[in-house]
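As a basis for the values below, the full set of heavy atoms in this structure was taken, side chains included, without hydrogen atoms, waters or symmetry mates. These figures come from a predicted structure and were not determined experimentally.
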Amino acid sequence: MLKDLCLINGTSGDESRVREYIIEQIKDYCDYQVDALGSIIAYKKGRKSPNKKVCFNAHMDEVGFIITEITDEGYLKFSAVGGIDRRVCLDKVVDINGVKGVIGDKALHLLSDEEAKTAPAINKLLIDIGATSKAEAEEAISVGDFAYFESDYYEFGDGFIKSKALDDRIGCMLLIRMIQSELEYDTQFCFNVQEEVGLRGAKCTSYQVQSDISIIVEATTASDLDGVKGGDRVCCAGDGPVVSYMDRRTIYDRELYNLAMNTAQENGIPVQTKTAIAGGNDAGSIQTSGKGSRVCAISLPCRYIHSASSVVKKEDIDNTEKLLLKIMEKIYD
């Protein structure tokens, strides 16, 4: 399921294919609706009716690109959709409506000394689709089309997975699996759109759901690389799910943070916290929408996030799923 989800193209504002796949997986297990922005709000009946409303959240969108201009020579200018480090763009293969292209820039020997010192800005890059004129390119591509990293999904090394869109198709997969299982209590689930461009979908779904407690299932940056020490590593692949206490959008509910950490320790589930105040996720909108909601983020450590070659460890996915199920047993108390 994770491979299927990751290989579907669905950047912010273009999530329809991801949405269709998720609906196909959950339609026989819950009631659901699609809101005006395109997010899925699902209601799963459990064995008991709880005294509080709990909602699990993941986002469907991935980072990508949008075509902004077609040059006279048939090259495509573009902008990023979501936060993409310009260093990961050069020479990457992209897909636009089934048309393959390569992101290129001036050859190294043509760069000035100053240009050679830094990666070019995204607005200086071009996508080469093999066209020789604007008219030829326009036969296949239009301004406003989305472009996606072309990426294989494969396993390598000691239990690692490489793919695009692991942020946050992992969260989507885990929510689907929860919906497909037998739950003790009635529970809400939201698959949100447009997280990568300002947490927009979650702002709308949270107003409708009005949950007392919201658990955000995400992926977060792992910088456990050679030469990176201490807190700069943020979190480490293989050390278990990441429970955040604060990021640039949210200060998380302290009681829920402690509940998640203690639940992991009581059940022998490896767990870690995020050691840098960085990034953000749908909790930033959910926490302050409507009447407000208590929030907790459970994330997968992910190396090279927001690129064509994001990497996670399989055991972290398994341990995150275990932790989510154990938290569900306690969160309704």
Side-chain angles (χ1 to χ4, degrees), residues 1-2 5 18-19 22-23 25-27 29-35 39-61 167-193 195 199 201-220 241-244 250 252-253 255-257 259-260 263-264 269 271 281-287 289-290 292-300 317-333:
M1 186 190 301
L2 182 59
L5 281 163
V18 184
R19 181 169 56 249
I22 292 173
I23 289 173
Q25 305 307 310
I26 68 173
K27 64 182 183 180
Y29 299 91
C30 66
D31 296 322
Y32 72 90
Q33 60 179 311
V34 177
D35 74 3
S39 299
I40 303 169
I41 303 172
Y43 172 75
K44 169 74 175 182
K45 185 70 176 172
R47 298 184 187 93
K48 301 175 185 176
S49 295
N51 58 7
K52 63 186 76 169
K53 187 180 289 187
V54 176
C55 184
F56 288 79
N57 297 263
H59 68 87
M60 293 187 282
D61 57 318
D167 173 22
D168 184 31
R169 304 291 163 71
I170 291 178
C172 293
M173 181 198 70
L174 292 174
L175 264 59
I176 290 169
R177 288 168 62 94
M178 293 170 75
I179 291 171
Q180 291 176 343
S181 67
E182 295 294 325
L183 300 182
E184 188 69 15
Y185 290 97
D186 303 346
T187 304
Q188 302 268 356
F189 297 87
C190 288
F191 300 87
N192 295 310
V193 298
E195 190 267 357
L199 323 181
K203 189 173 186 66
C204 296
T205 59
S206 57
Y207 266 96
Q208 183 157 338
V209 174
Q210 294 285 299
S211 58
D212 300 301
I213 293 174
S214 299
I215 308 296
I216 293 82
V217 187
E218 255 285 12
T220 195
V242 182
V243 184
S244 300
T250 307
Y252 293 90
D253 184 274
E255 186 177 337
L256 293 176
Y257 172 83
L259 173 68
T263 299
I269 302 170
V271 70
N281 57 56
D282 278 337
S285 283
I286 296 168
Q287 186 182 49
S289 294
S293 179
R294 298 169 60 197
V295 292
C296 178
I298 311 291
S299 303
L300 270 293
I317 301 175
D318 296 337
N319 284 320
T320 299
E321 184 170 29
K322 291 176 185 176
L323 181 57
L324 291 171
L325 294 174
K326 290 297 182 181
I327 287 173
M328 287 190 79
E329 294 176 4
K330 290 191 168 188
I331 207 165
Y332 290 100
D333 293 342

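Side-chain N or O atoms of Asp168 include none that pairs as donor or acceptor with a backbone N or O of Ala58 at under 3.5 Å. Panel note: side chain Arg169, backbone Met60; a donor-acceptor pair is recorded below 3.5 Å. Checking side-chain atoms of Lys44 against main-chain N and O of Ile179 turns up a donor-acceptor pair under 3.5 Å. No donor-acceptor distance shorter than 3.5 angstrom exists from the side chain of Glu184 to the backbone of Glu329, with no hydrogens or angles considered. At least one donor-acceptor pair closer than 3.5 Å links the side chain of Asp212 to the backbone N or O of Lys53. A donor-acceptor distance shorter than 3.5 angstrom exists from the side chain of Ser181 to the backbone of Met178, with no hydrogens or angles considered. Checked by atom type and distance alone, the side chain of Asp61 pairs as donor or acceptor with a backbone atom of Glu195 at under 3.5 Å. Within the 3.5 Å criterion, the main-chain N or O of Val193 finds a donor-acceptor partner in the side chain of Ser39. No side-chain donor-acceptor contact under 3.5 Å links Asp186 to the backbone of Lys45.
Side-chain atoms of Ile298 and Val243, non-hydrogen and from C-beta on, do get closer than 4.5 Å to each other. Taking the side chain as every heavy atom from C-beta outward, Arg19 and Ile23 approach each other to under 4.5 Å. By the 4.5 Å heavy-atom criterion applied to side chains, Ile317 and Met173 are counted as neighbours. For the pair Ile176/Ile22, a side-chain contact is recorded, criterion being any heavy-atom separation below 4.5 Å from C-beta on. Counting heavy atoms from C-beta on, the side chains of Ile331 and Ile215 come closer than 4.5 Å. Counting heavy atoms from C-beta outward, Ile26 and Ile40 have side chains that approach closer than 4.5 Å. Contact of the Ile170 side chain with the Thr320 side chain is not registered, since no non-hydrogen atoms from C-beta on lie closer than 4.5 Å. Side-chain atoms of Phe56 and Met328, non-hydrogen and from C-beta on, do get closer than 4.5 Å to each other.
Around the NZ atom of Lys48, the shell of radius 6.0 Å holds no more than 12 heavy atoms that belong to other residues, nucleotides or ligands. At most 12 heavy atoms of other shown residues, nucleotides or ligands fall within 6.0 angstrom of atom CD in Glu255.
Taking CD1 from Ile213 and CD1 from Ile286, the interatomic distance works out to 13.0 Å, rounded to the nearest 0.5 Å. In this structure, Asn281 CG and Asn57 CG are separated by 9.5 Å, a value rounded to the nearest 0.5 Å. We find the CG-SG distance between Leu259 and Cys296 to be 7.5 Å, quoted to the nearest 0.5 Å. Atom CZ of Arg294 is separated from atom CG of Leu256 by 4.5 Å, given to the nearest 0.5 angstrom. Within the model, atoms CD of Gln210 and OG1 of Thr205 stand 10.5 Å from one another, a figure rounded to the nearest 0.5 Å. Remark: Leu2 CG to Leu174 CG distance equals 8.5 Å, nearest 0.5 Å.
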TODO: Go through the steps for Asp167 and His59 under the test side-chain contact (heavy atoms from CB on, under 4.5 Å), then give the verdict.
DONE: CA-CA 8 Å; Asp167 173 22; His59 68 87; 3.0 Å; yes
TODO: Please report the C-alpha distance between Ser299 and Thr220 in whole Å, then the side-chain angles of each, then the deciding distance to 0.1 Å, and finally whether the side chain to side chain donor-acceptor pair (under 3.5 Å) criterion is met.
DONE: CA-CA 6 Å; Ser299 303; Thr220 195; 5.1 Å; no
Task: Residues Ser214, Ser293; criterion side chain to side chain donor-acceptor pair (under 3.5 Å); working and verdict - done: CA-CA 6 Å; Ser214 299; Ser293 179; 2.9 Å; yes
- [ ] For Phe191 and Leu175, run side-chain contact (heavy atoms from CB on, under 4.5 Å): C-alpha distance rounded to whole Å, both residues' side-chain angles, the deciding distance at 0.1 Å, then the answer.
- [x] CA-CA 8 Å; Phe191 300 87; Leu175 264 59; 3.6 Å; yes
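Nearest approach of Ser244 to Tyr257, heavy atoms of both residues: O-CD1, 3.5 Å. Minimum heavy-atom separation, Gln180 to Met1: OE1-CE, 4.1 Å. Ala283 and Thr250 make their closest contact through C-OG1, 3.5 Å (heavy atoms, listed as atom of the first residue, atom of the second, distance).
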